[in-house]
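To keep things clear, I will list the structure first and then write my remarks on it.
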Amino acid sequence: MPIKRKELPDVGELVVATVREVYDYGAYLNLDEYGGLEAYLPWSEVASRWVRSIHDVVKPGQKIVVKVIRVNRKRKQVDVSLKRVNDNERRRKMMEWKRAQKAEKILEIVAQKLGKTLEQAYEEVGWRLEEAYGELMAAFEEAAIRGEDVLREAGVPEDWVGPLLEEIRRHVEVKRVKIGGTIMARSFAGDGVERIKEVLLSVKEAILESSRDIKVRLYTVGAPRYKLELDAYDYKTLEKALEKGLEVGEAKAKELGVIFSFTREKR
């Protein structure tokens, strides 16, 4: 199970828990991310609607997402609520949990290859990557895209870099996303074809210069219509690159007397 660096959760934190024992007055849970730390779920915090019995809502062995409502740090006692977690929070937390499990498994595989424990892996690598990227899987995804520099920049020891990147590339697939649209470019000048080519080239070059991760396709679908397709690993990068490309293209079109417009393709 994914390891947390801190010993106890904070009030308001969402945590994944396994139901251990269920009684009429409440249930005892183990917090998966905190080494099985015990937490108490009061009957009053089980459901916002009326239910006949707590046993109708939670059962031993069930995996649930709860919100921390009280923490006694001296006694290491934690109370949690199930009813204060909405569906979106539950889905998001479970997705984060699954990502964390997968990332930890990758880390564990590499640790075994290097003859180290999972605890050593977190001390030498895991915590550094989490500090740099917020979560372990986010760091692995970035490494899958950019390579060894991501690991070295985060301070990963050199003996980990090669084996870790190898395992990341074996298990982590980062999906690319796409946006696009249609450019309309017209010119009534004698050398209009060349002017249009220059405008289109300026658009493509500006997009490529904005990020090395972007791929661009620009082709005719029948003059004066030209299809522009971009893909990268995230929409933010694409939107910024498209904005820059169109800005440069419009300026070049104005300079060369080319009629220029762009129609965005709906996603």
Side-chain angles (χ1 to χ4, degrees), residues 1-10 13-18 30-37 63 65 68 89-179 207-216 230-241:
M1 61 184 68
I3 297 173
K4 286 284 188 181
R5 195 170 192 174
K6 54 189 179 180
E7 186 180 15
L8 294 168
D10 299 318
E13 184 176 339
L14 294 175
V15 292
V16 175
T18 302
N30 292 119
L31 304 186
D32 293 26
E33 297 159 283
Y34 289 89
L37 176 72
K63 194 84 67 180
V65 175
V68 178
E89 288 175 326
R90 177 179 53 78
R91 283 193 293 267
R92 185 174 67 250
K93 180 60 183 180
M94 286 307 298
M95 183 183 71
E96 291 173 357
W97 164 248
K98 289 175 182 177
R99 282 168 59 84
Q101 283 184 305
K102 182 177 180 180
E104 184 177 276
K105 186 61 181 176
I106 292 170
L107 194 63
E108 187 175 24
I109 290 171
V110 180
Q112 289 174 351
K113 288 182 178 180
L114 296 176
K116 300 190 179 186
T117 65
L118 183 58
E119 288 71 23
Q120 288 175 311
Y122 271 101
E123 288 296 331
E124 297 178 27
V125 175
W127 303 139
R128 299 182 188 190
L129 291 174
E130 281 196 4
E131 287 173 2
Y133 292 92
E135 62 163 352
L136 201 52
M137 183 54 77
F140 288 175
E141 288 172 343
E142 190 68 17
I145 296 168
R146 290 176 43 214
E148 295 180 352
D149 287 349
V150 170
L151 305 177
R152 291 196 176 98
E153 288 167 6
V156 172
E158 196 61 35
D159 60 325
W160 281 86
V161 173
L164 185 55
L165 186 61
E166 180 183 347
E167 210 61 41
I168 288 170
R169 286 178 169 164
R170 183 175 293 134
H171 296 284
V172 178
E173 179 183 358
V174 185
K175 294 182 179 179
R176 297 179 73 91
V177 293
K178 298 180 180 181
I179 62 173
I207 291 171
L208 290 172
E209 287 173 1
S210 67
S211 173
R212 61 184 179 181
D213 292 328
I214 291 182
K215 293 180 181 178
V216 183
L230 293 71
D231 77 77
Y233 292 104
D234 65 274
Y235 285 111
K236 185 177 179 180
T237 298
L238 289 177
E239 296 293 352
K240 186 176 180 181

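All values below come from the heavy atoms of this structure, side chains included, with hydrogens, waters and symmetry mates left out.
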> What do the steps show when you test Leu238 against Ile214 for side-chain contact (heavy atoms from CB on, under 4.5 Å), and what is the final call?
Replying inline: CA-CA 7 Å; Leu238 289 177; Ile214 291 182; 4.3 Å; yes
>> Quick test of your reading of the model: are Arg128 and Glu131 salt-bridged, counting only N-O distances below 4.0 Å?
In response: no
[atom1]/[X] to [atom2]/[Y] distance, rounded to the nearest 0.5 angstrom?
X	Y	atom1	atom2	result
Tyr122	Lys116	OH	NZ	16.0 Å
Leu118	Ile109	CG	CD1	11.5 Å
Glu119	Glu108	CD	CD	9.0 Å
Glu135	Arg99	CD	CZ	4.0 Å
Ile168	Arg170	CD1	CZ	11.5 Å
Thr117	Glu124	OG1	CD	8.5 Å

Say whether, by atom type as modelled, one donor and one acceptor occur between the side chain of [X] and the main chain of [Y] under 3.5 angstrom.
X	Y	result
Glu33	Val16	yes
Lys102	His171	yes
Asn30	Gly36	yes
Asp234	Thr237	yes
Arg90	Val65	no

> Do other residues, nucleotides or ligands put more than 12 heavy atoms under 6.0 Å from the NZ atom of Lys113?
Replying inline: yes
>> Would you say NZ of Lys215 has more than 12 non-hydrogen atoms from neighbouring residues, nucleotides or ligands within 6.0 angstrom?
In response: no
Quick one: closest heavy-atom pair of [X] and [Y], and the distance?
X	Y	answer
Glu167	Val110	CB-CG2, 3.7 Å
Ala241	Ile207	O-CG1, 3.5 Å
Phe140	Ala103	CE1-O, 3.4 Å
Val68	Asp10	CB-O, 3.3 Å

Ignoring hydrogens and angles, write down the donor-acceptor pairs under 3.5 Å from the side chains of residues 144-154, residues two or more places apart or on other chains.
residue: Arg146; atom: NH1; partner: Glu142; partner atom: OE2; Å: 3.4
residue: Arg146; atom: NH2; partner: Glu153; partner atom: OE1; Å: 3.1
residue: Arg146; atom: NH2; partner: Glu153; partner atom: OE2; Å: 3.3
residue: Glu148; atom: OE1; partner: Arg152; partner atom: NH1; Å: 2.8
residue: Glu148; atom: OE1; partner: Arg152; partner atom: NH2; Å: 3.0
residue: Arg152; atom: NE; partner: Glu158; partner atom: OE1; Å: 3.1
residue: Arg152; atom: NE; partner: Glu158; partner atom: OE2; Å: 3.3
residue: Arg152; atom: NH2; partner: Glu158; partner atom: OE2; Å: 2.7

> Does Asp32 reach the side chain of Lys63, with side-chain heavy atoms less than 4.5 Å apart?
Replying inline: yes
>> Please determine whether side-chain contact (heavy atoms from CB on, under 4.5 Å) holds for the pair Leu107 and Trp160, giving the CA-CA distance in whole Å, both sets of side-chain angles, and the decisive distance to 0.1 Å.
In response: CA-CA 10 Å; Leu107 194 63; Trp160 281 86; 4.2 Å; yes
>> Between Lys105 and Gln101, does the side-chain contact (heavy atoms from CB on, under 4.5 Å) criterion hold? Intermediate values first, please.
In response: CA-CA 6 Å; Lys105 186 61 181 176; Gln101 283 184 305; over 6 Å; no
